[in-house]
Asks: 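So that we are looking at the same thing, I have put the structure below in structure tokens.
Every number for a ligand or one of its atoms is a count from 1 in the order of the listing.
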Amino acid sequence: MRLEVKALTAGYGAKLVLDGVEFEIPPGKIMTLVGANGSGKSTLLKVVGRLLKPRTGCVLLDGKAVHACDTAALARKMAILPQLHHVSGETTVRELVGYGRYPYRSGFGVLSLRDREVIEEILRLTRLVPFQERKLSTLSGGERQRAWIAMTLAQEPKILLLDEPTTFLDIRSQFEVIELVRDLNRRCGITVLMVLHDLNLAARCSDFIVTLKGKRIRHIGTPREILQPEILREVFEIESQVYVGTDGIPYCVPTGSVKENGNENGENQL
Ligand code: ADP
């Protein structure tokens, strides 16, 4: 399933956040959006996930505008996990995963045999079987995030949108989450568009990284193409040293902030 974003402008009230954003995600790939705080990453993900209407331009799924799609039909193709998500802490893992079946429910809201089979399969895939009867309030941050991702998977999406899925997690849980995402991508062919703060995690799990700055996309490339001191200086206004690990994956060590004021557009986002 091909996802394309064309000539997109979006914002809130008088504030323009994205201006002329255009890119395409090759099917079955993981693409990660990076940029400074306030650069519009979440806004872009919300527009792609149809939580926010673009002012102009469009998001196309196999050539069809998502903003014109039937809601349930779209939810069977694309799932979004926003940064903030709430349900009662009394909800069990199994119930939460069941909520992801809403695009397939009949009018009576009863789980079908197929719904129950999918829920079982996803609990297994996300290694949540031992936690299925636990209430969300009793889980660690990493377990809870796995449960939320499992809920989005219950929609059986071809495209998964994740907004900072590793925020507030300890380092092991961060790795567990991105390893789960990578595993789902490899095993089920799910295309992933996500926002990550941590450049080194992004480099480890992404096929492509997209940088956002000044309302626009500045770069799209492989982790090795994007993790370059000049690019990090331009996008994040940091000085850094970049190395390549023995596994061939690049990583950066930030060494300080860029000292000049502003950039070539006269903007300073830090
Ligand atoms: P990022 O995800 O890169 O941190 P966001 O997309 O969250 O950036 O925000 C981009 C800009 O839009 C910021 O200036 C932010 O304050 C503003 N913004 C985000 N959400 C809203 C909203 N609901 N109403 C008004 N302004 C918003």
Asks: With a 6.0 Å cut-off (strictly less than), is the heavy-atom count around CZ of R224, excluding the residue itself, greater than 12?
Replies: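 Atom CZ in R224 is not packed in, count stays at 12 or less.
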Asks: Has Y99 got more than 12 heavy atoms of other residues, nucleotides or ligands less than 6.0 Å from its OH?
Replies: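 Check passes, neighbour count above 12.
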Asks: So, does R50 use its side chain to make a donor-acceptor pair with the main chain of V66 at under 3.5 Å?
Replies: yes
Asks: Taking all atoms of both residues into account, what is the closest heavy-atom pair of L18 and S39, and its distance?
Replies: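 Smallest interatomic distance, heavy atoms only, reads CD2-O, 4.4 Å.
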Asks: Any idea which residues sit under 4.0 Å from ligand 1, heavy-atom distances?
Replies: Y12, K15, V17, A36, N37, G38, S39, G40, K41, S42, T43
Asks: Would you check if the side chain of K29 reaches a backbone N or O of T191 as a donor-acceptor pair within less than 3.5 Å?
Replies: no
Asks: Check the side chains of S112 and R105 for a donor-acceptor pair under 3.5 angstrom, ignoring hydrogens and angles.
Replies: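 No, no side-chain donor-acceptor pair sits under 3.5 Å.
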